[in-house]
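Beneath this line is the structure, given in structure tokens, with notes to follow.
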Amino acid sequence: MIGTVARIALGVLFLASGALKLRDPSWPGAARAMGAPRWTVPVIAPIEIVLGAGLAAGVAEPWPAWLALALLAAFSGALALVLRRPPEDRPACACFGRWSAKPVGAGSLLRNGALAVLAVATLV
């Protein structure tokens with residue numbers, strides 16, 4: 001039961017993240033400011049939406065949970081690199097579009113850690 005709730009919650013969060021990025025015209029610039037390679041910017045949101053839908057629907061388990069962990073690890077690595085910058089040089093995360101337009105901070109990594117815990121809970 002806990003795994004199912006975690007899977008659905010994580011799926012909804014990935015769906016929301018992808019959809020909010022697509023709706024935010026400033027997101028591509030925010031992604032570039034975070035250091036995302038140019039070729040990844042147009043595919044991140046659609047990948048999140050497809051992954052979120054797969055998680056929420058319980059399709060092809062356990063692969064969506066493993067892919068979510070890999071994506072969260074990549075995002076966390078990018079966040080860790082940004083955290084090495086002086087606080088005044090840190091861009092807005094925009095991980096959820098304009099809804100999360102605060103500068104990257106330790107809370108960004110903590111949030112990803114909590115999402116990773118959800119992903120692991122779907123696997124257990």
Is it the case that one hydrophobic cluster holds both [X] and [Y], taking links as side-chain heavy atoms less than 4.5 Å apart, direct or via other members?
| X | Y | result |
| --- | --- | --- |
| Leu67 | Leu55 | yes |
| Ile47 | Phe14 | yes |
| Val124 | Ile2 | no |

Item to check | Trace of the side-chain contact (heavy atoms from CB on, under 4.5 Å) decision for Phe75 with Ile44 | outcome: CA-CA 10 Å; Phe75 289 163; Ile44 291 173; 3.9 Å; yes

Point-to-point distance, once rounded to the nearest 0.5 Å, from [atom1] of [X] to [atom2] of [Y]:
| X | Y | atom1 | atom2 | answer |
| --- | --- | --- | --- | --- |
| Leu15 | Leu20 | CG | CG | 10.5 Å |
| Leu10 | Leu69 | CG | CG | 8.0 Å |
| Trp66 | Leu123 | CH2 | CG | 5.0 Å |
| Leu79 | Leu110 | CG | CG | 10.5 Å |

Please give me the minimum heavy-atom distance between [X] and [Y], naming the atom from each residue.
| X | Y | answer |
| --- | --- | --- |
| Ser108 | Val104 | OG-CA, 3.8 Å |
| Thr122 | Ala6 | CG2-C, 3.6 Å |
| Phe96 | Ala16 | CD2-C, 4.5 Å |
| Thr40 | Pro37 | OG1-O, 2.7 Å |
| Arg85 | Gly35 | NH2-N, 4.4 Å |
| Ala31 | Val41 | CB-CG2, 3.9 Å |

Heavy-atom donor-acceptor pair, [X] side chain to [Y] backbone, under 3.5 Å:
| X | Y | value |
| --- | --- | --- |
| Lys21 | Cys95 | yes |
| Arg7 | Ala65 | no |
| Ser76 | Leu72 | yes |
| Arg111 | Leu115 | no |
| Arg90 | Leu83 | yes |
| Trp27 | Ala94 | yes |

Next on the checklist: With side-chain contact (heavy atoms from CB on, under 4.5 Å) as the criterion, how do Leu71 and Glu48 come out once you've worked through the C-alpha distance, each side chain's angles and the decisive distance to 0.1 Å?
Outcome noted: CA-CA 9 Å; Leu71 194 57; Glu48 288 181 331; 4.2 Å; yes

Checklist entry - Are more than 12 heavy atoms from other residues, nucleotides or ligands located less than 6.0 Å from atom CZ of Arg23? => result no

